[in-house]
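Notes follow the structure.
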Amino acid sequence: MQMNFSNWSNQHQKKSILGQQISFIDTGESNKNTILIIHGYASSSYDYYKIINELKENYRVIIPDLVGFGLSSKPTKSYFSFVNQAEVLQDFLISLKIEKISIITQGFGSSIMCELLNVIETNSLNIHVQNIFLLNVSLYLEVNLNAKKQEKFSTLVSSIFLKMSSSYGLFKKYYLQHFYDPTVISETELETSWELMKYNNGLKTFNFVSYWSLEIQNSSFRWLKVLKNLNTNIYFILGESNNYSEYSDLQETKKLLKVKETYLIADCGYFVTMDKPNKFVEIIKKIIV
Amino acid sequence: MTSTEWKSYGKFIKVKENNLFVIDTGDEFSNKETLVIINGFPTTSYDYHKIIPVLSEYYRVVIHDHFGFGFSDVPDSYCFSLIDQANVCVELWNKLKLKRFTILSDAYGNNIGKEILYRKNSHLIPFDIKKLIICNSSNYEKYVDIKTISSLIKNKKLIRYKEIIMNYKEQLFYEGSEDYDKYKDESKIKDIWTRFNSKQGQKEILVLCSYNEESFLYWHRWLHAIKETKIPVKIFWRKDNFENIKNVLLHVACSTHNNVEIIENTKCFVLEKNALQWILMILKEMDKNVYNHLKTAQKIY
C-alpha cells in the first residue's frame, strides 16, 4: 500500500489540547514500553511512518504532529513558541496517562523536548524519561558556543526552510538533498510530505521561521542545565552524510551532555528514519529491551 | 531599616540548587490572606521595606529577590530569562505551600506576572490566583540609564551580547547604532564601556537582552493571558511612562472583558518617595477594607 495523504490521515487520532487540535499516531497497548517521537521543523509524524510497524511489535509508539505541522492546528497569526509547544506536549502526555517514556527526536523537536523536560521539572510532574535518542542536527544551536557559527547556522536553516515552503519544486529539491540515496523516496512520499506541509494554511507558519532560533538562543542555558541534571541515557543516532556536520562538534557536545553512545549509520543522510529505517529500528531494539 | 536588618528579616530557600532570598511574613498556618509581590528591575525586595511592615498587618506578604539580584545567588549558568524567573516563582510558591493569593507585579515583574497568569489560564499551575495587579513603582528617571543600554542592544549589527562583552572594541560597539550621534563623545563612551564591563553592567545587559527578546517572542502569549483570563486584573499606568501607555493601549484594544480595569496613577506616586501614598493607591483598588482601615489608622498617627 502506498502511504499517501488519505491513508496516512486515516491512521491518525485527534485530541483537543489547550485550545489546539492535536493529530497523532498512537499504536496503543499501554503494557509495552512507550516511545514518544518529537519531529523536526517543517516535518511531521509522516517522516517516521516507515518505522512504526517494526517498532510497534515491541513498543507503544506515539507520534504527535506538533502544532503548526502535519495534520494538527496551524496558528498563522502569531508565533507558537517552544514554551507553548512544550505545554501542549505536557498536557498531551497527561491526557494519555503516560508516566514513563523514551524520546526519539530531531532538530527543532530536540529543543521542544528540552523545554518539555524543564516544564516537567518545574511543575514536578510524574513523567519519567528513560532514554533519549537524538538524531541529526539536534541541539546544534544550544551546544554551539561559537556565536558567529551559531548565527550562520540559524540564517542558513531559516533560508532553506523559506525556500522549501515557496513551491513544490523547491521543496522537492531541498528535501532530496538531505538523502544519501534520493531514489529511496518515491514521488508519492514527496507529494504527501508537501501536502502535509500545505495542509490547513500551513505554509503561512513559515513567516515565523526566524523566531525559533532566537528563542533557542535565549533558552539554551536553561535547557542545557536541565539535560545535565537529568538521570537519563542519551544516545546519538546519526546519518554519516549529514550536510550540517560542519556546524556541530560532537566532541564538544559530549562534554556538555552525558552521551552514552553514538551510532553512525553508513550511507545515510539527514532523515535517518526515511533513509535507513531498518538500521534505525535495529539500534532502538538493541537499546530498549 | 538598613539592608543588613532587612536581610535578617528574611530567609534563604534553595530553588534550582541556588539560594533565593525570601521575605515571608507568615507561614502556611497564617489566617491572613496572602499577597505575593513580584518585584521589578533594577529594584530588589529591599526597595519595598517601607511598605511590607504595613502590609504584613493585613496580609501574609511573600517577596523574593530574583536570582542575580539583591541577596539571592547569581547562578553560574543562568540566562535571566523571564520564563526562568517565572519558573523560580512557581517552585518557590510550591515550596511555601501557597494556595490562594493576590499577585502584585511591578515593572520588570509585570511580564513575569503575565506569564504566571497565562499558565493559570491554561491550568498548568495549581495556585488559586485571586487578583493580578500590574503596576510600576519606580521613578521614571531611574530607567534613563537602562534605556541607553537597551537602545544599544537593539543595534542589529551585533551578534550576541555575550560576544560583545568579551570581544568588542569600544568604538565598534556604537557603530551602526540608531543613536550613533549621541556617542561621538569619546569620554562618554569610555565611561559607559567601563560600566558595561563591571559585573553589575554585564548583568544589566543580560537582563535587558532577555527582556527585549522575550517581550518580542512572547508578545502574543502575554497579551493573550490578559485577554483570556477570568481572574480580575488591575493595571496601573502613568502619563510619563511611554512603555506603559503603549501596553495599556494594547490592552484596551484587545480586551473586552470587564474584569480588566485600567487605573491611572494621576499623581505619579513612586515607591521611593511616596511609599505610603503609592500603596494606598494600589490598595484602594485591590482591597477596599484594608484601604479604609489603613486610611483611618494613618489619620491617628
Side-chain angles (χ1 to χ4, degrees), chain A residues 17-20 75-91 94-95 114-115 117-125 141-142 144-155 208 210-229 256, chain B residues 15-18 67 75-95 115-116 118-119 121-127 156-168 206 209-225 227-228:
Chain A
I17 306 279
L18 297 175
Q20 307 291 339
T76 53
K77 293 203 173 102
S78 62
Y79 171 59
F80 201 78
S81 67
F82 285 104
V83 179
N84 288 90
Q85 296 280 11
E87 287 167 354
V88 167
L89 281 185
Q90 175 205 287
D91 261 28
I94 292 174
S95 77
C114 290
E115 186 56 34
L117 295 171
N118 179 64
V119 173
I120 291 174
E121 191 193 272
T122 303
N123 298 334
S124 20
L125 297 176
L141 285 170
E142 287 87 338
N144 198 336
L145 300 173
N146 180 332
K148 284 203 179 109
K149 224 166 152 184
Q150 212 178 37
E151 195 66 18
K152 216 174 134 201
F153 178 66
S154 70
T155 316
F208 304 102
S210 63
Y211 288 44
W212 59 271
S213 59
L214 185 65
E215 194 179 1
I216 291 176
Q217 287 168 350
N218 230 15
S219 313
S220 300
F221 278 123
R222 170 164 80 245
W223 295 344
L224 288 178
K225 195 164 180 219
V226 85
L227 281 173
K228 212 175 118 201
N229 292 344
L256 287 159
Chain B
V15 176
K16 298 203 181 288
E17 298 156 34
N18 283 287
F67 276 135
D76 298 338
S77 59
Y78 194 65
C79 48
F80 292 99
S81 140
L82 293 160
I83 300 286
D84 281 285
Q85 306 285 27
N87 291 344
V88 170
C89 290
V90 171
E91 284 193 31
L92 171 70
W93 300 340
N94 270 325
K95 286 200 169 164
E115 172 64 24
I116 300 283
Y118 184 92
R119 295 184 194 184
N121 295 345
S122 312
H123 311 288
L124 297 163
I125 44 175
F127 314 112
K156 292 272 185 323
K157 283 193 179 169
L158 301 170
I159 299 179
R160 291 293 289 169
Y161 44 88
K162 282 166 218 135
E163 194 84 342
I164 302 164
I165 299 167
M166 288 184 287
N167 297 325
Y168 272 79
L206 293 171
C209 277
S210 275
Y211 187 84
N212 283 340
E213 287 174 352
E214 291 188 301
S215 301
F216 164 75
L217 279 171
Y218 305 121
W219 184 261
H220 288 277
R221 182 175 167 94
W222 294 334
L223 212 56
H224 197 265
K227 205 174 154 186
E228 299 292 312

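Just so it is clear: chains get the letters A, B, ... in the order the sequence lines come, proteins before strands, and each one is counted from 1.
Looking at B:E17, only its side chain comes within 4.5 Å of chain A, counting heavy atoms on both sides.
Here B:I83 is the residue among B:I83, B:N94, B:N121 with the most heavy-atom pairs under 4.5 Å with chain A.
Looking at B:S210 and A:N218, their side chains come closer than 4.5 Å, going by heavy atoms from C-beta outward. With a 4.5 Å cut-off on side-chain heavy atoms, A:E215 and B:Y218 count as touching. At a threshold of 4.5 Å between non-hydrogen side-chain atoms, the residues B:E213 and A:Q217 do not count as touching. Put simply, the side chain of A:N84 reaches to within 4.5 Å of the side chain of B:Y118, judged on heavy atoms. No side-chain heavy atom of A:V226 sits less than 4.5 Å from a side-chain heavy atom of B:K16. By the 4.5 Å heavy-atom criterion applied to side chains, A:Y211 and B:F216 are counted as neighbours. In this structure, the side chains of A:F221 and B:D84 stay at 4.5 Å or more apart for every pair of heavy atoms.
Just one residue in the list A:L18, A:V88, A:D91 forms a side chain to side chain contact (heavy atoms under 4.5 Å, CB included) with B:S122, and that residue is A:L18.
Between the OG atom in B:S81 and the CZ atom in A:R222 there is a gap of 4.5 Å [rounded to 0.5 Å]. One finds the CG atom of B:L217 at 13.0 Å from the CH2 atom of A:W212 (value rounded to the nearest 0.5 Å). Atom NE2 in B:H220 sits 11.0 Å away from atom OG in A:S81 (nearest 0.5 Å). We find the CG-CD1 distance between A:N123 and B:I125 to be 8.0 Å, quoted to the nearest 0.5 Å.
Taking the salt bridge (Lys or Arg N to Asp or Glu O under 4.0 Å) definition, one finds that B:E115 meets it with B:R119, B:R221, sequence neighbours left out. Every residue two or more places apart in sequence or in another chain that forms a ring-ring contact (aromatic ring centres under 6.0 Å, His included) with B:F127 is listed here: B:W93, B:F101.
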